[in-house]
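Because only heavy atoms are used, hydrogens play no part in the values below, and waters and symmetry mates are left out as well, while side chains stay in. None of these values were measured; they are calculated from a predicted model. Position 1 is the first residue of the sequence; numbering continues from there.
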Amino acid sequence: MAWILLATLLHLATEASGFARSWEKAEISLKKWKRIKALEENNLYLSVHINTTRLRILQERTILYEFTSQRKEGGIHVLALNERTGSVMASRRFRTFQPSEGKNLQHFLEALQPGRVVIIVGLPYFLSFLAPEGEAALLRLGARMLPRVCTGEPWAMAAVTGSLFPGAALDLARGKVIAEAVATREHSRPARSLFLEVTLERAPRDRGCRWHEEAELKDQAEFCGSYEGYRDLCSCERPLVPARRPRPPSIPMAEEIPVAIVTANKPFHLYRLLKNLGEVAGAGETRVLVVVDGAHLETLRLARLFGVEVAVHVPQGLPGENTRTNMNIAFALYSVFNRWPHVDKAILLEDDLILAPDILSYFHQTAWLLTRDPTLYLVSAFGQNSYPGTACDPTTLLRADMYPQYGWMTCRRWATQVLPDWVPAGAGVDWDWWLYNEGVRRGLQAVVPEVSRTAHAGAAGAHVTGWEQRHYFDLRLINYRPHVQLRNVHRLLADNYSEWFEDEIRRATKIHLESHPCHSNIIPKNKPGPFVLFLGVASRADNDNSFFLMQACLGTDEQEVKEIYEGVLKFRVRPFSPAYAHDQAPSQGPAAQDPVNATLETAKARSLGCEKESHVLYIVGCPLSKYCKYSSGTSDWIAPSESFVRKADRVAMNRKASGDLSTMRIRRTPKSASEEFNLTNFIDISRRGTD
């Protein structure tokens with residue numbers, strides 16, 4: 001027993017001795033500890049966590065960004081971080097499961113400053129409508145796995161934006177990818193989770209430009225140090241300084257008409273609009289009021305840089321509800337007339353618009369109509385039927401039943417009448433439809449342009465989906481000419497227009513449908529027009545789809561009957577052609593980087609030749625219109641057959657799908673280890689819509 005006890009003591013002593021020696025080896029010097037601590041402080045530790053319903057991006061244990069959805073609508077999420085502090089300078093979500101967002105992703109990435117850390121995450125169904133523009137921008141930034149990611153797979157990338165040399169403008173191709181990952185899955189299997197962890201060295205100092213030292217640009221420098229996505233405003237080389245911009249040309253103004261811009265928390269849209277507005281003729285003499293739905297600091301600071309006045313609306317209703325937008329519009333209408341009690345007219349713009357170069361001139365040339373004619377309640381900048389196949393002449397104005405939308409001017413008289421009857425909170429209907437349909441309009445009419453002076457440039461939002469943006473809004477024309485003198489403005493007065501319009505119908509050449517209008521040019525050859533077509537239409541509801549048939553075949557918005565006057569639709573038609581409906585602006589160069597220039601250049605290309613090819617056509621609904629008296633009776637009233645309507649519906653659907661590229665890649669079982677390692681085990685079944 002004694003020897004066992006002795007052996008145990010010896011063993012314990014040996015263990016204690018070894019433990020002591022390991023403890024001594026584990027000792028760390030203060031110098032070494034400081035080096036480790038400095039190394040930790042000099043690095044950013046970022047992680048991306050994705051599962052089937054949630055995205056989280058963290059810096060160490062702090063959540064920088066979080067998104068949750070139970071549906072397949074994650075899209076692309078982008079965070080831009082300060083390369084020294086790791087603070088979030090911009091966060092954007094692009095709904096690439098719908099069309100139109102790919103180009104917005106491209107514009108955002110190209111608007112970042114050099115040297116920023118970007119975290120880009122694609123939730124499982126982000127590929128569907130990423131579009132060539134969005135994918136090309138990500139590839140230029142350095143993505144390598146992206147072309148081999150399949151539908152239903154999450155993907156993430158961390159990168160640093162690049163430039164040719166310090167102080168130069170952003171060059172996506174000079175960026176540096178830190179990490180990229182994809183969680184693969186076999187087709188029809190549930191999406192898998194993805195975890196990506198990134199460590200990168202902090203920049204030794206804040207990004208600085210020479211102009212940051214100028215005292216008068218202190219606010220702009222601080223703004224650019226806090227927020228991202230404002231390429232021209234924050235560029236080190238020749239930045240846009242709003243106060244130093246060249247004054248745009250003046251225009252004749254018989255009265256002062258201020259502009260109210262309605263916005264919420266989309267400062268990137270507001271920035272584009274303020275830049276655009278500042279270049280329009282007459283902007284130097286026009287007061288601007290930005291009406292913000294909530295005290296959003298980035299938006300308020302941006303408005304301050306542009307030197308415009310601001311009114312902050314205390315939000316009413318929940319985000320995304322009709323009430324929220326409805327009440328902000330009413331507040332804007334009240335605020336602009338209350339702030340400047342001497343003005344009689346005001347222009348309202350939404351933040352996601354692109355403006356024609358003559359928009360202020362357009363409004364000032366028509367403002368006197370609202371003074372002279374009490375049967376008018378607004379002048380619209382937006383032409384509902386402003387498409388290449390149904391519009392051409394930017395000098396022409398129409399009178400019609402229409403609601404306010406996408407840029408409009410009204411007068412104090414109407415605002416005073418309508419604000420007490422505004423759409424009630426919680427009504428569940430949009431303000432524009434309420435004003436048009438609920439009796440508030442009281443039969444008043446609007447002046448609308450044949451060719452629009454605004455273009456809607458939002459996408460996949462609460463009220464305009466990506467589908468609507470791509471299939472309806474992107475195809476519309478906007479006037480690209482800087483100086484347009486409107487013709488026959490006096491004709492828009494009620495009595496003048498009624499007399500002129502009736503004379504037009506009386507003298508128009510009557511035409512009949514000899515074949516389906518979607519497959520033939522219904523306009524007779526070698527005749528100048530105008531032409532008139534009588535259709536069987538009993539009411540505005542168009543239950544027999546007669547108006548729908550012609551709108552679908554002519555290439556305008558066939559969703560409903562809009563811009564109608566006394567039961568008549570007026571178009572300046574030319575045969576529809578996908579060539580001028582789907583052509584794109586140049587994919588490279590300044591126009592590609594500037595959505596405003598790209599939109600105007602595209603409109604110019606779509607308008608070429610329209611003066612020679614187009615003819616005026618009046619489509620009269622009978623017995624809806626009083627002008628049916630110029631027909632030969634019911635024998636002239638064309639009522640389309642059900643097969644005609646079905647064919648028109650197919651034509652409209654095919655036209656809208658034309659040019660759409662939907663991406664679909666299916667992961668299959670790999671045939672070799674090499675194929676699996678290189679992610680080439682997939683089948684690409686992407687398709688483009690047919691003409």
Chemist: Are any side-chain N or O atoms of Asp542 and backbone N or O atoms of Phe547, one a donor and one an acceptor, separated by less than 3.5 Å?
Modeler: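 A pair under 3.5 Å: yes.
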Chemist: How about Pro404 and Arg441: do any of their side-chain heavy atoms sit closer than 4.5 Å?
Modeler: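 No, every pair of side-chain atoms sits at 4.5 Å or beyond.
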Chemist: So Glu101 and Leu130, do their side chains get closer than 4.5 Å, heavy atoms only?
Modeler: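 No, side chains not in contact.
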Chemist: Just wondering, do Val616 and Phe531 contact through their side chains at under 4.5 Å, heavy atoms?
Modeler: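 No, too far: nothing below the 4.5 Å cut-off.
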Chemist: Has Ser546 got a side-chain atom pairing as donor or acceptor with Gly536's backbone, closer than 3.5 angstrom?
Modeler: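 Yes, the answer is positive, given that a donor and an acceptor are paired below the 3.5 Å cut-off.
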Chemist: Can you name the nearest heavy-atom pair linking Arg506 to Asp503, along with the distance?
Modeler: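 Closest approach of Arg506 to Asp503: NH1-OD1, 3.0 Å.
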Chemist: Are the side chain of Thr602 and the backbone N or O of Ala598 linked by a donor-acceptor pair below 3.5 Å?
Modeler: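 Such a contact is found between Thr602 side chain and Ala598 backbone.
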Chemist: Can a side-chain donor-acceptor contact be found between His313 and Asp293 if the only test is distance below 3.5 angstrom?
Modeler: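 Per modelled atom types, Asp293 and His313 side chains form a pair under 3.5 Å.
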Chemist: Grab the two heavy atoms, one from Ala391 and one from Ser386, that are nearest each other, plus how far apart they are.
Modeler: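 Nearest pair, atom of Ala391 first, then Ser386: CB-CA, 3.8 Å.
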Chemist: Pick out which of Leu554, Ile638, Val532, Leu549 makes a side-chain contact (heavy atoms from CB on, under 4.5 Å) with Ile619.
Modeler: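 By the side-chain contact (heavy atoms from CB on, under 4.5 Å) criterion, Ile619 pairs with just one of Leu554, Ile638, Val532, Leu549: Leu554.
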Chemist: When you compare the side chains of Ser515 and Ser520, does any donor N or O come within less than 3.5 Å of an acceptor on the partner?
Modeler: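 Yes, side-chain donor-acceptor contact under 3.5 Å.
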Chemist: Are side-chain N/O atoms of Ser631 and Asp636 paired as donor and acceptor at under 3.5 Å?
Modeler: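 Side-chain D/A pair, Ser631 to Asp636: absent.
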Chemist: Give a yes or no on whether a salt bridge exists between Arg646 and Asp649, defined as a side-chain N under 4.0 angstrom from a carboxylate O.
Modeler: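 So Arg646 does not pair with Asp649 through a salt bridge.
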Chemist: Using distance alone, with no hydrogens and no angle criterion, decide if Thr325 and Trp431 have a side-chain donor and acceptor under 3.5 Å apart.
Modeler: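 No, Trp431 and Thr325 have no side-chain donor paired with an acceptor closer than 3.5 Å.
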Chemist: So Arg507 and Glu502, salt bridge (charged side-chain N to carboxylate O under 4.0 Å, His left out) or not? Walk me through it.
Modeler: CA-CA 9 Å; Arg507 71 181 184 88; Glu502 184 156 3; over 6 Å; no
Chemist: Might you confirm whether atom NZ of Lys527 has over 12 heavy atoms from other residues, nucleotides or ligands at distances under 6.0 Å?
Modeler: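 Count not over threshold, so no.
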Chemist: Can you tell me if Ser686 uses its side chain to pair, donor with acceptor, with the backbone of Met664 under 3.5 Å?
Modeler: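 Flag set: sc Ser686 to bb Met664 pair under 3.5 Å.
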Chemist: Hey, is CZ on Phe473 packed in by over 12 heavy atoms from elsewhere, all under 6.0 Å?
Modeler: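 It does: Phe473 CZ has more than 12 such atoms within range.
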Chemist: Measure the NE2-CD1 distance between His269 and Ile354 for me, rounded to the nearest 0.5 Å.
Modeler: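 Here the interatomic distance stands at 9.0 Å.
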Chemist: Just distance, no hydrogens or angles: give the donor-acceptor pairs under 3.5 Å from side chains in residues 444-454, sequence neighbours left out.
Modeler:
| residue | atom | partner | partner atom | Å |
| --- | --- | --- | --- | --- |
| Gln445 | OE1 | Arg399 | NE | 2.7 |
| Gln445 | OE1 | Arg399 | NH2 | 3.4 |
| Gln445 | NE2 | Asp401 | OD1 | 3.1 |
| Glu450 | OE1 | Arg572 | NE | 3.1 |
| Glu450 | OE1 | Arg572 | NH2 | 3.0 |
| Glu450 | OE2 | Cys392 | N | 2.8 |
| Glu450 | OE2 | Asp393 | N | 2.8 |
| Glu450 | OE2 | Arg572 | NE | 2.7 |
| Ser452 | OG | Gly383 | N | 2.6 |
| Ser452 | OG | Gly383 | O | 3.3 |
| Arg453 | NE | Asp358 | OD1 | 3.3 |
| Arg453 | NE | Asp358 | OD2 | 3.2 |
| Arg453 | NH1 | Pro394 | O | 3.1 |
| Arg453 | NH1 | Val451 | O | 2.9 |
| Arg453 | NH2 | Asp358 | OD2 | 3.1 |
| Arg453 | NH2 | Pro394 | O | 2.8 |
| Thr454 | OG1 | Tyr406 | O | 2.7 |

Chemist: Flag the pair Met402 / Ser380 as yes when at least one side-chain heavy-atom distance between them is below 4.5 Å, and no otherwise.
Modeler: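 No, side chains not in contact.
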Chemist: Per the ring-ring contact (aromatic ring centres under 6.0 Å, His included) rule, which among Tyr472, Phe97, Phe129 passes with Trp467?
Modeler: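 It is Phe129; the other options fail the test.
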Chemist: Counting heavy atoms not belonging to His519, are there more than 12 under 6.0 Å from its NE2?
Modeler: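 Atom NE2 in His519 is crowded, with more than 12 foreign heavy atoms closer than 6.0 Å.
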Chemist: Could you check whether Tyr377 and Trp414 have their ring centres less than 6.0 Å apart?
Modeler: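 Yes, the ring of Trp414 comes within the 6.0 Å limit of the ring of Tyr377, centre to centre.
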Chemist: So that I know where these two stand, are Tyr618 and Tyr627 an aromatic pair - ring centroids less than 6.0 Å apart?
Modeler: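 Ring centres of Tyr627 and Tyr618 not closer than 6.0 Å.
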Chemist: Would you indicate whether Glu499, at its atom CD, is surrounded by more than 12 heavy atoms from other residues, nucleotides or ligands within a distance under 6.0 Å?
Modeler: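 No, CD of Glu499 has 12 or fewer neighbouring heavy atoms, counting only those of other groups under 6.0 Å.
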Chemist: Mark yes when over 12 heavy atoms from residues, nucleotides or ligands other than Arg372 sit less than 6.0 Å from its CZ; otherwise mark no.
Modeler: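 Atom CZ in Arg372 is not packed in, count stays at 12 or less.
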Chemist: Is any side-chain heavy atom of Ile666 less than 4.5 Å from a side-chain heavy atom of Ile685?
Modeler: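 Yes. Closest side-chain heavy atoms under 4.5 Å.
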Chemist: State whether the side chain of Asn521 and the backbone N or O of Ile523 hold a donor-acceptor pair below 3.5 Å, judged by distance alone.
Modeler: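 Yes, the answer is positive, given that a donor and an acceptor are paired below the 3.5 Å cut-off.
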Chemist: Looking only at non-hydrogen atoms, find the nearest pair between Ser632 and Ser635 and report the distance.
Modeler: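 Taking every non-hydrogen atom into account, O-OG, 3.7 Å.
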Chemist: Between the side chains of Gln551 and Asp557, does any donor sit under 3.5 Å from an acceptor?
Modeler: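 No donor-acceptor contact under 3.5 Å links the two side chains.
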Chemist: Measure up the His516 and Phe644 rings against each other and bin them: parallel (under 30°), tilted (30 to 60°), perpendicular (over 60°).
Modeler: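 It falls in the tilted class, 30° to 60°.
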Chemist: With a 4.5 Å heavy-atom cut-off, do Lys345 and Thr410 have their side chains touching?
Modeler: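 They are not in side-chain contact.
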Chemist: Side chain of Gln384, backbone of Glu563: donor and acceptor closer than 3.5 Å?
Modeler: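 A pair under 3.5 Å: no.
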Chemist: Kindly say whether Ala552 contributes a backbone atom to a donor-acceptor pair with the side chain of Glu558 at under 3.5 angstrom?
Modeler: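 Side chain of Glu558 to backbone of Ala552, a donor-acceptor pair under 3.5 Å: no, none is there.
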Chemist: If you compare all heavy atoms of Asp351 against all heavy atoms of Ala264, which two are closest, and at what distance to 0.1 Å?
Modeler: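 Smallest heavy-atom distance, with atoms named: OD2-N, 4.0 Å.
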Chemist: Pairing donors with acceptors under 3.5 angstrom, does anything connect the side chains of Arg574 and Ser614?
Modeler: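 No donor-acceptor contact under 3.5 Å links the two side chains.
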Chemist: For the pair Asp421 and Arg442, find out whether any cationic side-chain nitrogen is under 4.0 Å from an anionic carboxylate oxygen.
Modeler: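 The answer is yes: the pair qualifies as a salt bridge.
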Chemist: Using side-chain heavy atoms (C-beta onward) and a distance below 4.5 Å, is Val379 in contact with Trp408?
Modeler: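 Of all side-chain heavy-atom pairs linking Trp408 with Val379, none is under 4.5 Å.
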Chemist: Does the side chain of Arg650 come within less than 4.5 Å of Lys647's, by heavy atoms?
Modeler: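 A side-chain contact exists here, since the closest heavy-atom pair is under 4.5 Å.
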Chemist: Measure the CD1-CD1 distance between Ile511 and Ile522 for me, rounded to the nearest 0.5 Å.
Modeler: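 These two atoms lie 4.0 Å from each other.
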Chemist: Strictly distance-based, threshold 3.5 Å: is any side-chain N or O of Asn496 a donor or acceptor partner for the main-chain N or O of His490?
Modeler: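 Judged by distance alone, yes, a pair lies under 3.5 Å.
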Chemist: With a 6.0 Å cut-off on ring centres, are Tyr403 and Trp433 close enough?
Modeler: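 Judged by ring-centre distance (under 6.0 Å), Tyr403 and Trp433 do meet the cut-off.
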Chemist: Quick one: closest heavy-atom pair of Pro315 and Arg324, and the distance?
Modeler: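 Minimum heavy-atom contact is CB-NE, 3.2 Å.
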Chemist: State, without any angle test, whether Asn385 and Thr390 hold a side-chain donor-acceptor pair at a distance under 3.5 Å.
Modeler: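 No, Thr390 and Asn385 have no side-chain donor paired with an acceptor closer than 3.5 Å.
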Chemist: Nearest 0.5 angstrom please: Tyr497 OH to Asp495 CG, how far?
Modeler: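 Interatomic distance, Tyr497 OH to Asp495 CG, rounded to 0.5 Å: 14.0 Å.
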Chemist: How far apart are the closest heavy atoms of Gly102 and Ala131, and which atoms are they?
Modeler: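 The pair with the smallest heavy-atom distance is CA-CB, 4.2 Å.
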Chemist: Can you check whether Val484's main-chain N or O pairs, donor with acceptor, with Tyr362's side chain at less than 3.5 Å?
Modeler: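 The answer is no, because no donor-acceptor pair under 3.5 Å joins these two groups.
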Chemist: Got a second to check how far Leu475's CG is from Arg470's CZ, nearest 0.5 Å?
Modeler: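 The CG atom of Leu475 sits 5.5 Å away from the CZ atom of Arg470.
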Chemist: Rounded to the nearest 0.5 Å, how far apart are OG of Ser69 and CZ of Arg93?
Modeler: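 The OG atom of Ser69 sits 6.5 Å away from the CZ atom of Arg93.
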Chemist: To the nearest 0.5 Å, what is the distance between SG (Cys610) and CG (Leu477)?
Modeler: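 Rounded to the nearest 0.5 Å, the SG-CG separation comes to 7.5 Å.
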Chemist: Counting N and O atoms only, with roles assigned by atom type, does the side chain of Trp422 sit under 3.5 Å from a partner on the main chain of Asn326, one being a donor and the other an acceptor?
Modeler: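 Yes; judged by distance alone, with no hydrogens or angles, the pair exists.
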Chemist: Does a side chain donor of either Gln485 or Gln365 reach within less than 3.5 Å of an acceptor in the other side chain?
Modeler: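 Distance-only check passes for Gln485 and Gln365.
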